[in-house]
Every structure is written in C-alpha cells, then in structure tokens.
Amino acid sequence: MEFEARKFVQEKLKEIEEQAKEGKAVCATSGGVDSMACAVLAHKVLGDRLTVVFIDDGLMREGEPQRVLKEVQEQGIKAEIKETREEFFRALKGIEDPEEKRKAFRDTFYKVLGRIIKEKGADYLVQGTIAADIAETKKGIKTQHNVLEQIGVNPGDYGLKILEPLREIYKHQVREVARELGLPEEIHQRMPFPGPGLATRVIGEVTPERVGILRKATEIVEEEIESLKPFQAFAVLMKDRATGIVREKRAFGSIIVVRSVESKDALTASVTKVPHEVLEKIQERITTEIPSVTKVLFDITPKPPSTIEYI
Ligand code: XMP
C-alpha cells in the first residue's frame with residue numbers, strides 16, 4: 001500500500017491530541033530527521049506544553065549542539081541544550097565491549113533524561129523511535145538506545161506516558177513526513193546519525209581525545225562525500241594502530257576507516273561507488289589535518305554480512 005504522508009500526519013495529530021489532552025511533554029532531539037519530525041509533529045498539538053532538549057553528551061559532530069538548537073527554535077519550538085559531557089565520558093570510561101558501551105550510553109542517557117523530565121514536571125516523553133529500531137531490537141541484533149522495553153523501564157512506573165508517533169514507519173517514510181511538516185530539505189534529507197553518536201564509531205575506549213580525532217575525521221568525510229548524497233557516510237576510529245611516517249619520523253599512529261553506504265531502510269545496505277579521486281582527497285586531508293593518523297582505509301562490506309555501524 002502506498003504511504004501517504006499527509007494522511008499519516010493527520011492521523012498522528014489526532015492520536016497525540018487524544019493521548020495528551022493536558023500536561024507537559026519533553027522531547028529529546030539529536031537533530032536527526034526522526035526526532036525533528038517527531039518534535040514538530042508533537043509541537044503542532046502541544047504548543048508550549050512541549051520542551052525540546054538537546055542532550056550534549058560530547059559525542060556529537062562539530063558544532064552540532066548549537067546548530068540543532070537553532071533549527072528547533074526556527075520551528076517556533078521551546079528548546080534548550082543540556083550540557084552533560086563529563087557524565088557521559090565518565091560512564092564510558094574503560095569500556096571496550098560494543099554492547100557494554102551501548103548499555104553505558106543508554107543508561108546515562110535515560111538517567112539524564114529522567115532528571116530533565118523531573119525538572120520540567122513532564123507527564124509525557126515524546127520519542128522518535130522508528131520501525132527499524134524496533135525490528136533490530138526484536139531480532140536481538142543490537143541494543144537500540146531508545147527502545148525502552150529493552151532497558152526494563154516501564155515508563156508507567158514513573159507516571160510517565162510515552163508518545164512514539166513514528167513507531168510504525170521507516171526512514172524513507174519519516175523523510176516524507178518531515179517534508180510534509182515543512183521541515184527544510186537540509187533536515188528531511190539529512191544522513192542518519194546514531195543516537196549514541198560518535199561512541200558507535202570509536203572502537204576501543206571512548207575518551208574525549210579519541211572522540212576529538214574522530215570528530216575531525218567525520219567532518220572531513222562528510223564534507224568531501226556530501227555531493228554524492230550517500231545514504232550515510234562517516235569515519236570510524238580503529239583500536240589498532242599502524243606504523244607510518246610523521247614529520248620524517250617513524251610513528252605508530254591511528255587508523256581511520258571511511259565508510260559510505262546506500263540504503264532505503266537501513267535494514268540492508270550496499271557500498272557507495274565513491275570515485276577514487278574523492279577517496280584520495282579524503283586520505284590527503286585526514287593525514288594532513290590529523291597528523292596522528294597514519295592509515296586511512298575504505299570499507300567495502302555491504303549489509304549483510306556487515307552492519308552499517310561498527311558496534
Ligand atoms: P546498523 O549498524 O545496525 O545501523 O546497520 C542501522 C541504522 O541505524 C543507525 N543506528 C542507530 N540509530 N540509535 C539510533 O538512533 C542507535 O543506537 C543506532 N545504532 C545504529 C545506523 O546509523 C544506521 O543508519
């Protein structure tokens with residue numbers, strides 16, 4: 001059956017209206033298309049009863065907190081940044097196992113969010129969970145940070161009601177909904193970025209220094225590949241090191257992997273056919289602008305057998 005964004009929006013507005021007749025709501029946004037569409041949808045019904053919060057966990061891309069705050073405010077929505085970097089890095093300290101990392105992120109995320117909800121006296125939590133999050137969680141592929149049942153959290157215990165208007169639809173449909181809601185193209189066509197942010201792309205321990213290296217590499221990959229409009233393109237920092245030559249001296253430096261994939265629903269993905277010149281430019285910029293990196297690799301694995309992210 002053809003997906004009709006306009007009809008979907010109307011249905012959801014009615015649904016939110018029935019679910020949240022009175023009381024306050026909080027929505028945590030990452031700036032991604034899912035949480036932005038969700039926030040705008042909820043705002044149409046809730047107006048100033050909704051506060052959107054950007055949790056600055058220190059795992060976001062360059063300039064992201066300020067950019068997202070501005071974008072949310074441009075939609076006429078009350079919004080604020082909650083600075084919690086230290087708390088996240090403390091929780092992630094010493095952890096290398098991917099699922100442990102996801103759990104530490106998720107537990108901290110909900111601890112912070114719980115505090116915000118209490119502070120605001122909110123009765124509702126609006127979440128941008130989409131169908132793929134739920135499908136992958138059910139299959140046990142990974143611990144998705146925003147699937148509450150998985151954490152054993154029964155929001156009812158806290159007197160909190162959850163609104164997840166995008167639960168039944170996939171990424172390409174969310175983009176149509178975002179367009180229907182009047183969000184700018186820059187947002188509705190934005191590349192997916194995982195909730196646990198750069199922590200999903202740092203193999204080994206997540207420290208401010210290692211995230212700093214990855215943040216810079218991510219910026220370079222995104223800038224250089226943007227014109228190809230991939231479904232998702234990013235950098236990953238490996239745990240291994242490799243020998244290279246830095247300032248004419250032998251150095252045992254970091255390894256960055258460049259990944260770019262094409263997909264519709266993120267459930268399967270093929271590798272972007274990135275022109276060699278683009279890859280060369282990326283390599284040149286990464287090794288010049290981040291001298292501690294001595295190798296740049298390109299990942300040629302589709303999903304399956306791989307996943308899109310590295311943890
Ligand atoms: P994988 O790595 O499972 O990723 O092939 C599929 C899609 O989901 C994104 N992703 C996440 N998004 N929270 C999110 O909001 C998460 O924990 C998470 N893990 C993966 C990933 O970027 C890709 O688009």
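Any value given below was found using the heavy atoms of this structure, including those in side chains, with hydrogens, waters and symmetry copies removed. In what follows, residues are counted from 1 in the order of the sequence shown. Each ligand, and each atom within it, is numbered from 1 in the order the structure gives.
- Checked by distance only, ligand 1 and P192 stay at 3.5 Å or farther apart across all their nitrogen or oxygen atoms.
- Each of the following atoms of ligand 1 lies closer than 4.0 Å to a heavy atom of P196: 13 (N), 16 (C), 17 (O).
- R61 forms a cation-pi arrangement with F193, by the criterion of a distance under 6.0 Å to the ring centre and an angle within 45° of the ring axis.
- Considering backbone and side-chain atoms together, G195 places an N or O closer than 3.5 Å to an N or O of ligand 1.
- Residue A266 has at least one heavy-atom neighbour below 4.0 Å for each of these atoms of ligand 1: 6 (C), 7 (C).
- Checking E280 against H276 by side-chain atom types alone, a donor-acceptor pair falls below 3.5 Å.
- T129 and E164 form a side-chain donor-acceptor contact under 3.5 Å, judged by distance and modelled atom types alone.
- If you number the atoms of ligand 1 from 1 as listed, the ones under 4.0 Å from a heavy atom of T307 come out as 1 (P), 2 (O), 5 (O).
- Residue nearest to atom 6 (C) of ligand 1, selected from K303, K171, E309, Q232: K303 (by heavy-atom distance).
- Using a 4.0 Å heavy-atom cutoff, R106 is absent from the residues neighbouring ligand 1.
- A side-chain donor-acceptor contact under 3.5 Å links Q283 and T287.
- The local environment of NZ in K78 is crowded, with over 12 non-hydrogen atoms from other residues, nucleotides or ligands closer than 6.0 Å.
- Every residue meeting the ring pair (Phe, Tyr, Trp, His ring centres under 6.0 Å) condition with F8, not counting sequence neighbours, appears here in chain and number order: F3.
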